[in-house]
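Here the structure is laid out as structure tokens; the discussion comes afterwards.
So that the names make sense, note that chain A is the first sequence line, chain B the second, and so on, each numbered from 1.
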Number of protein chains: 2
Amino acid sequence: MSIHPILADAAETDVFTVDCPAREILNRLGSKWVSLIIVALADRPHYFGELLKRIEGVSKKMLAQTLRILESYGLVERESKIFGSVVKVRYGLTEQGTSLVESLLTVYAWAQQNTEAMLSNQEAYRRTASHRGE
Amino acid sequence: MSIHPILADAAETDVFTVDCPAREILNRLGSKWVSLIIVALADRPHYFGELLKRIEGVSKKMLAQTLRILESYGLVERESKIFGSVVKVRYGLTEQGTSLVESLLTVYAWAQQNTEAMLSNQEAYRRTASHRGE
DNA sequence: CGGTATCCAATAAGATACTG
DNA sequence: CAGTATCTTATTGGATACCG
């Protein structure tokens, strides 16, 4: 197998280097809620409350905090809308944010197709237990 | 924009659900070293020491621990080889592990192309500081 | 509704030392 | 060389309460 072109490119802005900025970003994308929020916004913008309900398990704190980070990166944009006396805030992907969706969905699809095999493999691995003193 | 087919599929094994197994896996993949190790193994198998040197910043502990997790999932396989009196252990991707590489590299490529813009956007965002009491 | 502030728990990760 | 064990620190995430 030859070296993948993207991997070859990586040798210049080397992700394997400690001070690679992209490595920082990758770590951010890997945080518990980031990709989930981006994927949740993939089809259309959502209001804060909608996201809170759609993404089970996320707290207001984490949702707000993560949206703030994504906004700072320019992946997500806020829009306040007035409804009578209440203000609702709608979040949507920017063009840059949208450009990430396709890649994330590919990983998601992979996860959905491979999770079962991975988990059963893991169980078999544990039963072997040649690596634990039990 | 219509709902992406993958996202539509997701409605069944719903990633937005708290007990979605794929969500757990996705979180695992997002941990600090997992994707980096898989990408590092993309072109060819590596010995433990090679990985330790290639992936800057990783400690022996984290490398061993993460490799153990990937092995348990069946994404990575170990092979011990005898060289005279010393034993070297070579790690390589399984077929399943290889099937993940392409998706990961797409995200990596995106990160490398967008990191600069994101970081400068973030700096501008901080300067605005309309969200901090300073 | 859409947040913030504060405090606390869980987990991930790092340093260091030791082993076959 | 390729780890493991132990301890400590850093980072994340969650619960709760309060605010405009």
Tabulate protein N/O versus nucleotide N/O from nucleotides 9-14 of chain D, keeping only pairs under 3.5 Å, one per line.
| from | atom 1 | to | atom 2 | distance (Å) |
| --- | --- | --- | --- | --- |
| D:dG13 | OP1 | A:Lys32 | N | 3.0 |
| D:dG14 | OP1 | A:Lys32 | NZ | 2.8 |
| D:dG14 | OP2 | A:Trp33 | NE1 | 3.3 |
| D:dG14 | N7 | A:Lys61 | NZ | 3.1 |
| D:dG14 | O6 | A:Lys61 | NZ | 2.0 |

Short side-chain to backbone donor-acceptor contact, B:Thr94 and B:Gly74, under 3.5 Å
yes
Atom-pair distance (CG on B:Leu52; C1' on D:dC1), nearest Å:
11 Å
Does any non-hydrogen side-chain atom of A:Phe16 lie less than 4.5 Å from one of B:Val39?
yes
Partner set under salt bridge (charged side-chain N to carboxylate O under 4.0 Å, His left out) for A:Glu50, not counting sequence neighbours:
A:Arg44
A:Leu67 CG - C:dG3 C1' separation (whole Å):
11 Å
Looking at D:dA2, I'd like to know if its phosphate oxygens (OP1 or OP2) sit under 4.0 Å from a side-chain N or O belonging to B:Arg90.
no
Could you tell me how far apart B:Ile55 (CD1) and C:dG14 (C1') are, to the nearest whole angstrom?
16 Å
Atom CG of B:Leu29 and atom C1' of C:dA12: how far apart are they, to the nearest Å?
16 Å
Report yes if some heavy atom in the side chain of A:Thr98 is under 4.5 Å from a heavy atom in the side chain of A:Glu95; otherwise report no.
no
Considering all heavy atoms of both residues, which atom of A:Arg54 and which atom of A:Ala40 are nearest to each other, and what is their separation?
NH1-O, 2.9 Å
Whole-Å distance, B:Lys60 NZ to D:dT6 P, equals 16 Å
Check each residue of residues 73-88 of chain B for a non-hydrogen atom within less than 4.0 Å of any atom in DNA chain D, then write out the ones that pass by number, or none.
B:Arg78, B:Val87, B:Lys88
D:dG3 OP1/OP2 closer than 4.0 Å to side-chain N/O of B:Tyr91
yes
In degrees, rounded to 10°, what is the bend between the two ends of the helix from C:dC1-D:dG20 to C:dG20-D:dC1, using five pairs at each?
50°
How close or far is atom C1' of C:dA12 from atom CD of B:Glu24, stated in whole angstroms?
15 Å
Any side-chain to backbone donor/acceptor pair from A:Ser59 onto A:Met62? Under 3.5 Å, distance only.
yes
Expected output: side-chain B:Ser72 to main-chain A:Tyr125 donor-acceptor under 3.5 Å
no
Enclosure of B:Glu116 CD (heavy-atom neighbours >12, cutoff 6.0 Å)
no
Separation of C:dG2 C1' from A:Phe48 CZ (nearest whole Å):
6 Å
Under the salt bridge (charged side-chain N to carboxylate O under 4.0 Å, His left out) rule, collect the residues that match up with A:Glu123, sequence neighbours excluded.
A:Arg127
What residues join A:Tyr47 in its hydrophobic cluster, counting side-chain heavy atom gaps under 4.5 Å, either direct or through other members?
A:Phe83, A:Val86
Considering residues, nucleotides and ligands other than A:Glu79, do more than 12 of their heavy atoms fall under 6.0 Å from its CD?
yes
Tell me: CG of B:Leu63 to C1' of D:dA2, nearest whole Å?
10 Å
